[in-house]
Amino acid sequence: MKYISIIMPLFVIAAASAQPLADTTDIFDKHLKLNEIVITGVVGEAKPTESPQPVNLINARTLNQTASLNIIDAIAKQPGVSQLTTGGAVSKPVIRGLGGNRVVVVYDGIRQEGQQWGDEHGVEIDAADIGSVEIVKGPASLQYGSDALAGVLVLHSQKLPLPEEIKGSIAAQYHTNNGLINYSLNMSGNKSGFIFDLRYSEKYAHAYRNKFDRYVPNSQFNERAASAKLGINKKWGYSFLKMTFYNIKPSLPEGERDSTGNLIAEDGNVKTYRHGLPYQRIYHYKIQSENEINLPAGYLKIVAGYQQNRRNEFEESPDTAGLRLQLHTATADIRYIYNPEKRWKVSTGISAMYQTSLNKGNEFLIPDYTLFDAGMFATASATINKWVICGGLRFDYRYLNVPEMPQEKADFASFHRNFCGITGSIGTVFNATENFDIKLNISRGFRMPSINELASNGHHEGTLRYEIGNNALKPEYSLQADIGMDYSNKYLSLQLSPFVNYVNNYMFASRLDSVIEEELMTFLFRQGNAILTGFEAAADIHPIHQLHISTAFSYLYAIQLNQPEESRYLPLIPAPCWSSELKWEITHNARIFNNAYAAIGVDWYLKQNRFYKAYETETATKGYALLSLSAGTDIIIKKRKALEIHIIADNLLNTAYQSHLSRLKYADTNIITGRRGIYNMGRNIIFKLMIPIG
């Protein structure tokens with residue numbers, strides 16, 4: 001399979017045809033609403049300048065110019081965003097220090113549900129299918145209900161074709177550090193309003209390496225994904241049906257070392273593309289329907305979907321899974337947006353989710369359960385002279401039931417819980433001048449305890465710990481205030497976003513002094529009141545059109561109230577980060593090398609010495625700086641774009657470092673050097689190619 005994966009994209013590339021050269025700006029058909037550049041505002045879709053809540057937008061070109069192993073890795077370099085990682089394959093989003101089930105991921109209008117409560121459970125989405133990302137910071141429970149306490153990642157597929165257009169693309173990339181091979185084939189068309197979009201992707205990587213650990217055994221992974229989208233887009237609206245399949249097999253490094261301090265490799269082969277032990281085999285299937293009907297004074301939007309997630313973990317045998325979880329999720333969202341005139345807009349709707357999870361293996365971490373969730377909301381916005389004012393209220397209800405378990409699952413007691421929550425937000429945008437905006441937003445969010453926080457009891461593979469749930473946990477509630485100031489002119493752009501977030505009943509896993517299984521840390525879920533304060537600041541200076549000097553700084557201070565020093569600071573809080581980049585856009589509308597650029601960047605992570613010290617749950621993390629270089633261009637042949645190429649050197653100086661949010665930081669200690677845990681990836685040179693077919 002390894003050689004097929006190398007030969008297949010090269011063969012198709014050789015046979016590909018070129019695409020006519022288009023203008024470098026984003027193009028969209030005014031009749032094709034799905035391609036409009038909007039954000040998920042409080043009242044349906046809105047322009048970024050109309051949203052009082054902090055929102056970051058990432059377009060396709062930025063994603064292509066970013067070094068990443070998956071879609072979460074690609075967006076984790078944005079101000080206020082980070083990731084909790086387990087090796088190179090598993091990444092979980094963290095927004096302003098809050099992660100796990102506090103971040104909702106929405107993919108093409110459907111809430112992604114895939115047992116994401118686990119620290120080593122990634123997001124089952126094909127990065128090649130993502131055309132843009134919208135990062136909503138702060139409580140978004142008003143739009144998405146429970147779990148959106150930290151924010152939302154809204155992932156949009158690649159743009160659909162223009163009317164009467166058929167196009168395709170072949171994308172491929174190679175990473176030198178872990179031998180990653182990735183290719184994606186896409187074909188789409190739009191004829192007389194009938195639209196189709198087909199994609200197939202594969203990705204393979206062997207173990208990654210760094211300066212201290214050399215190769216990290218069992219950090220390899222492979223991934224396959226496919227999607228098909230069919231639909232119709234007319235004056236009355238649109239209707240789409242999309243089916244996706246995703247399969248990933250990440251091996252899980254355990255960090256065991258021998259008497260010489262070296263990491264132990266199962267068979268000595270660190271460059272294999274086959275899985276080792278332990279590893280996961282995850283399948284995610286999804287079918288969804290998205291419909292929008294235009295009405296005289298607004299539109300009706302109906303989105304429904306079904307997902308099935310199969311998560312298998314293999315520890316003792318490569319063929320027999322110990323932990324086998326099967327999750328079924330059905331979701332529906334109906335909302336009506338009433339917009340009789342441009343000055344004001346009203347939105348109201350209902351949403352529901354039904355979920356059931358089953359244990360099919362002989363090892364157990366969480367019990368079987370069923371969950372029903374429903375919510376209703378109403379929002380409104382108005383534009384008055386230079387002011388935009390918006391807000392709303394929402395009510396949610398959730399029922400969770402854990403049934404009587406068979407004798408072999410006797411470690412789990414049956415119970416049921418009912419949760420209710422009222423959330424809301426109110427905000428305003430003041431367009432002080434043509435170049436200067438001031439934003440203020442106050443929002444209330446809530447999150448109901450997840451199944452592992454309530455009832456887990458077992459060895460959590462990949463996290464190097466034994467977890468114990470707490471059935472007495474209460475829902476989290478947050479109250480956050482955001483202030484935003486944006487200024488831009490021909491030569492300068494400035495953004496400042498300070499915030500303060502008070503979280504009542506904050507839930508977290510705390511290490512115990514005793515152990516249940518040898519060589520495993522034992523964690524119990526607790527809760528208390530917390531406050532998180534911080535800001536993101538960014539600047540982009542462009543003294544001439546082609547030169548950009550950009551810098552951004554993120555800072556977060558997070559504490560648990562009324563606690564002694566050892567448990568004062570919240571766990572898993574990212575270190576302050578200062579990122580800077582100098583970018584030269586060399587050409588535009590050139591005859592051969594078009595859209596050429598070169599850039600140098602530095603990401604400087606400060607020391608994190610505010611950590612949860614109780615029972616050595618966490619340790620301090622040293623500061624480090626990562627240097628990167630990148631360059632790219634479109635190649636034009638006979639006035640047609642024949643190739644897009646990017647070369648990125650990540651961690652150019654091969655710095656040995658540990659991210660504060662790396663789960664592998666707490667693996668075994670090297671008895672020779674005294675260094676604990678596994679280090680992150682070293683120098684990585686990335687080659688990206690994209691051939692358009694038109």
Side-chain angles (χ1 to χ4, degrees), residues 24-26 56-83 127-128 130-133 135 171-177 180 182 488 490-495 536-554 577-590 592-605 624-636 641 643-655 657 680-690:
T24 58
T25 59
D26 288 332
N56 283 25
L57 299 175
I58 310 173
N59 59 27
R61 182 166 290 273
T62 301
L63 292 174
N64 288 337
Q65 296 175 5
T66 302
S68 63
L69 298 172
N70 51 62
I71 186 59
I72 303 302
D73 191 26
I75 66 178
K77 298 175 176 61
Q78 295 293 312
V81 183
S82 47
Q83 59 179 327
I130 304 304
S132 64
V133 180
I135 305 171
Q173 60 178 297
Y174 176 75
H175 296 211
T176 60
N177 186 285
L180 185 146
N182 177 213
S488 63
K490 186 177 180 180
Y491 304 105
L492 175 67
S493 297
L494 299 172
Q495 294 87 36
E536 295 97 41
D540 185 359
I541 305 170
H542 32 279
I544 59 176
H545 177 65
Q546 293 173 294
L547 180 65
H548 288 265
I549 305 170
S550 60
T551 185
F553 184 72
S554 301
C577 177
W578 187 2
S579 300
S580 298
E581 183 185 62
L582 175 64
K583 184 175 183 180
W584 178 260
E585 296 177 347
I586 303 170
T587 61
H588 287 297
N589 298 320
I592 300 177
F593 299 103
N594 190 37
N595 295 327
Y597 72 93
I600 179 171
V602 178
D603 296 323
W604 180 28
Y605 294 84
Y624 54 91
L626 304 177
L627 177 68
S628 64
L629 293 176
S630 61
T633 185
D634 299 340
I635 297 178
I636 310 303
K641 179 180 174 179
L643 178 67
E644 180 180 333
I645 182 170
H646 302 273
I647 303 174
I648 307 167
D650 196 33
N651 191 4
L652 183 64
L653 301 181
N654 200 29
T655 300
Y657 71 99
N680 289 72
M681 185 179 289
R683 182 187 299 113
N684 190 20
I685 312 299
I686 301 165
F687 301 89
K688 294 185 179 182
L689 302 176
M690 196 280 285

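Along the sequence shown, the residues carry numbers beginning at 1. Worth knowing before you read on, the calculation uses all heavy atoms, side chains too, and leaves out hydrogens, waters and symmetry mates.
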Going by side chain to side chain contact (heavy atoms under 4.5 Å, CB included), name the residues that satisfy it together with [X], two or more places apart in sequence or in a different chain.
X    : value
I130 : L63, I71, Y107, I125, V133, L155
Y491 : N489
A538 : Q495, A552
N177 : Y208, R209, M681, N684

Distance, nearest 0.5 Å, that separates [atom1] of [X] from [atom2] of [Y]:
X    : Y    : atom1 : atom2 : answer
H175 : D650 : NE2   : CG    : 9.5 Å
S628 : L653 : OG    : CG    : 10.0 Å
I58  : S132 : CD1   : OG    : 9.0 Å
I635 : E644 : CD1   : CD    : 10.5 Å
I686 : T66  : CD1   : OG1   : 9.5 Å
T655 : R683 : OG1   : CZ    : 9.0 Å

How close do [X] and [Y] get, counting heavy atoms only, and between which atoms?
X    : Y    : result
T633 : A596 : OG1-CB, 3.6 Å
E536 : S554 : CG-OG, 3.9 Å
A590 : F593 : CB-O, 3.2 Å
D603 : S579 : OD1-OG, 2.8 Å
I648 : N64  : CD1-O, 4.2 Å
D73  : A67  : OD2-O, 4.3 Å

Evaluate the ring planes of Y605 and Y624, with Trp represented by its six-membered ring, and classify them as parallel (under 30°), tilted (30 to 60°) or perpendicular (over 60°).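 Ring orientation of Y605 relative to Y624: parallel.
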
Using atom types as modelled and distance alone, determine if a side-chain donor or acceptor of [X] lies under 3.5 Å from a backbone N or O of [Y].
X    : Y    : result
T176 : I685 : yes
Q546 : W584 : no
S493 : S488 : no

Test item: L547 and L582 side chains (from C-beta on) under 4.5 Å apart, heavy atoms: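 In short, these two side chains touch, coming nearer than 4.5 Å.
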
Can you spot which of I636, N594, N595 makes a side chain to side chain contact (heavy atoms under 4.5 Å, CB included) with K641?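 Running side chain to side chain contact (heavy atoms under 4.5 Å, CB included) over I636, N594, N595 with K641 returns exactly one hit, I636.
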
Can you tell which of T551, L626, L627 makes a side chain to side chain contact (heavy atoms under 4.5 Å, CB included) with V602? L627

Who passes side chain to side chain donor-acceptor pair (under 3.5 Å) against H548, sequence neighbours left out?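 By the side chain to side chain donor-acceptor pair (under 3.5 Å) rule, H548 matches D540.
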
List in chain and number order the residues that pass salt bridge (Lys or Arg N to Asp or Glu O under 4.0 Å) with E585, two or more places apart in sequence or in another chain; answer none if no residue qualifies.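 Scan of E585 (salt bridge (Lys or Arg N to Asp or Glu O under 4.0 Å), adjacent residues dropped) gives none.
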
